[in-house]
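Proteins get letters first, then strands, A, B, ... in listed order; numbering begins at 1 in each.
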Number of protein chains: 2
Amino acid sequence: MREKPIQKQVFSRFLKERGQRFTKERSAILEKTMSRNGHFEPETLYIEIRKAGAKASRASVYRTISLLCECGLIEQVRKTEHGTVYERSFGHEHHDHMLCIGCGSAIEFYSDKLERLQEDLCRQQGFQGTTHTLEIRGYCRKCQKKKKQT
Amino acid sequence: MREKPIQKQVFSRFLKERGQRFTKERSAILEKTMSRNGHFEPETLYIEIRKAGAKASRASVYRTISLLCECGLIEQVRKTEHGTVYERSFGHEHHDHMLCIGCGSAIEFYSDKLERLQEDLCRQQGFQGTTHTLEIRGYCRKCQKKKKQT
DNA sequence: TTATAATTGAGAATGAGTCTCAATTACAAT
DNA sequence: ATTGTAATTGAGACTCATTCTCAATTATAA
């Protein structure tokens with residue numbers, strides 16, 4: 001018998017505080033988001049949940065994703081022409097992304113220097129920063145090689 | 001009699017190179033984008049063009065915006081739940097944004113240190129960066145005051 | 001002037017995300 | 001356990017930005 005995973009505790013506590021319920025649909029959706037390592041989109045998640053035999057409608061997937069964002073277990077990475085990309089933030093330190101134009105792969109990176117520099121910049125502007133997103137677009141190693149060959 | 005503005009030269013040259021035409025619709029759309037100083041969205045642009053008496057359909061506005069992005073006269077700033085935000089990049093040095101959660105206002109800023117740091121980070125990862133976007137979300141001075149009052 | 005190919009606009013189509021509402025379910029109080 | 005209340009669910013309608021279609025128009029080169 002395993003303990004209730006900490007994410008479930010977090011989510012159900014969050015819901016209870018707001019007079020909301022931790023249903024099996026929400027539980028199924030939470031599980032799937034937490035099992036995913038990389039980036040994901042609502043539709044993909046919905047299909048996976050369906051495949052896994054759990055029942056949860058598209059509407060519930062969207063609704064639950066919003067809740068998970070609000071309680072900080074996942075976060076929006078970016079919006080693309082194909083939809084919104086999310087990632088698990090629980091047990092996943094803050095980081096930024098390099099995004100390959102060639103193959104779509106993403107590199108996660110973190111720089112303390114960068115974080116501090118941003119704080120400085122906010123101070124200079126009298127701005128009270130709370131979150132940020134830095135996305136560097138370009139070519140990953142593989143795609144650099146491909147380009148050279150052509 | 002004034003000279004043909006440089007942006008028009010850039011755009012028409014760009015089009016000619018690709019065997020495309022510099023039509024009056026495209027010209028009207030170009031003019032409006034270049035007259036705008038801040039951020040804008042396609043729909044807003046379309047309405048303004050309509051008001052100004054020029055004729056250009058929504059479809060042409062969207063099509064021309066794509067072209068202007070490709071030739072580098074404007075660029076995408078971000079995608080929101082309400083649509084895509086663009087800004088003029090011609091005669092507008094590279095910069096990043098601080099975005100106020102309270103009132104939606106945007107502060108533009110530029111930091112050489114930041115640019116160099118990003119180059120370093122790319123080098124470290126073997127990534128060939130071409131563009132980037134940094135968005136810091138938080139509260140502008142005004143909204144900080146408002147929060148305190150409450 | 002003419003042939004050719006690019007462009008246009010109106011409206012249809014697409015697709016992500018949200019909303020509606022009747023049916024279901026969780027929970028608290030009895 | 002039963003019941004009352006309010007939250008939740010899912011199917012599909014709806015919204016809204018954006019793209020597509022295609023017949024009519026227009027620019028350009030010969």
Side-chain angles (χ1 to χ4, degrees), chain A residues 4 8 11-33 39-71 74-86, chain B residues 8 11-33 39-50 52-71 74-86:
Chain A
K4 196 178 192 180
K8 286 207 176 180
F11 193 34
S12 65
R13 195 168 305 158
F14 167 83
L15 289 168
K16 186 161 278 174
E17 263 173 26
R18 316 196 335 168
Q20 295 187 281
R21 295 167 187 170
F22 188 52
T23 63
K24 35 182 175 340
E25 286 82 359
R26 288 179 180 165
S27 175
I29 295 164
L30 171 64
E31 258 172 46
K32 262 280 169 280
T33 60
H39 294 171
F40 65 88
E41 297 180 34
E43 182 64 18
T44 323
L45 200 69
Y46 169 67
I47 291 170
E48 279 186 10
I49 287 169
R50 254 41 230 311
K51 272 193 198 151
K55 87 180 216 320
S57 66
R58 225 181 293 266
S60 288
V61 169
Y62 278 101
R63 285 186 288 231
T64 304
I65 284 177
S66 291
L67 291 170
L68 291 171
C69 279
E70 282 181 65
C71 91
I74 67 177
E75 58 192 69
Q76 249 193 48
V77 178
R78 87 184 72 87
K79 287 192 169 280
T80 73
E81 35 292 350
H82 320 298
T84 308
V85 178
Y86 297 87
Chain B
K8 286 207 177 179
F11 193 34
S12 65
R13 194 167 308 155
F14 167 83
L15 289 168
K16 187 161 278 176
E17 262 173 27
R18 318 197 332 167
Q20 296 186 282
R21 294 166 187 171
F22 188 52
T23 63
K24 34 183 175 338
E25 287 84 358
R26 288 180 179 163
S27 175
I29 296 165
L30 172 64
E31 258 171 46
K32 263 281 170 279
T33 60
H39 293 173
F40 65 89
E41 297 179 34
E43 183 64 18
T44 324
L45 199 69
Y46 169 68
I47 292 169
E48 280 186 10
I49 287 169
R50 253 42 230 309
K55 87 180 215 321
S57 66
R58 225 181 293 267
S60 287
V61 169
Y62 278 100
R63 286 186 288 231
T64 304
I65 284 177
S66 291
L67 291 169
L68 291 171
C69 280
E70 282 181 63
C71 91
I74 67 176
E75 59 192 70
Q76 248 192 48
V77 178
R78 85 183 73 88
K79 287 193 166 278
T80 73
E81 34 292 349
H82 319 298
T84 307
V85 178
Y86 297 88

J.: Under a 4.0 Å threshold between the charged nitrogen and the carboxylate oxygen, would B:R63 count as salt-bridged to B:E25?
T.: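 Salt bridge flag = no for B:R63 with B:E25.
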J.: Would you please test A:Y46 and A:R50 for side-chain hydrogen bond (donor to acceptor under 3.5 Å, both in side chains) and show each step?
T.: CA-CA 6 Å; A:Y46 169 67; A:R50 254 41 230 311; 3.2 Å; yes
J.: Taking five pairs at each end of the helix from C:dT1-D:dA30 to C:dT30-D:dA1, what angle separates the two helix axes (nearest 10°)?
T.: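 The helix from C:dT1-D:dA30 to C:dT30-D:dA1 shows an end-to-end axis angle of 30°.
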J.: Taking atom CD of B:E17 and atom OG of B:S12, what is their separation to the nearest 0.5 Å?
T.: 10.5 Å
J.: Going by the rule side-chain contact (heavy atoms from CB on, under 4.5 Å), which residues pair with A:I47 if we only count those two or more places apart in sequence or in a different chain?
T.: A:E43, A:K51
J.: Would you please say whether a donor-acceptor pair under 3.5 Å links the side chains of B:K79 and A:T80?
T.: no
J.: Summarise protein proximity over nucleotides 3-19 of chain C in one line of letters, 5' to 3': B for base, S for sugar-phosphate only, - for none, counting protein heavy atoms closer than 4.0 Å.
T.: --BBSBB------SSBB
J.: For the atom pair CD (B:Q76) and CD1 (B:I65), what is the distance rounded to the nearest 0.5 Å?
T.: 10.0 Å
J.: Quick one: does B:R26's side chain have a donor or acceptor within less than 3.5 Å of a partner on B:R21's backbone?
T.: yes
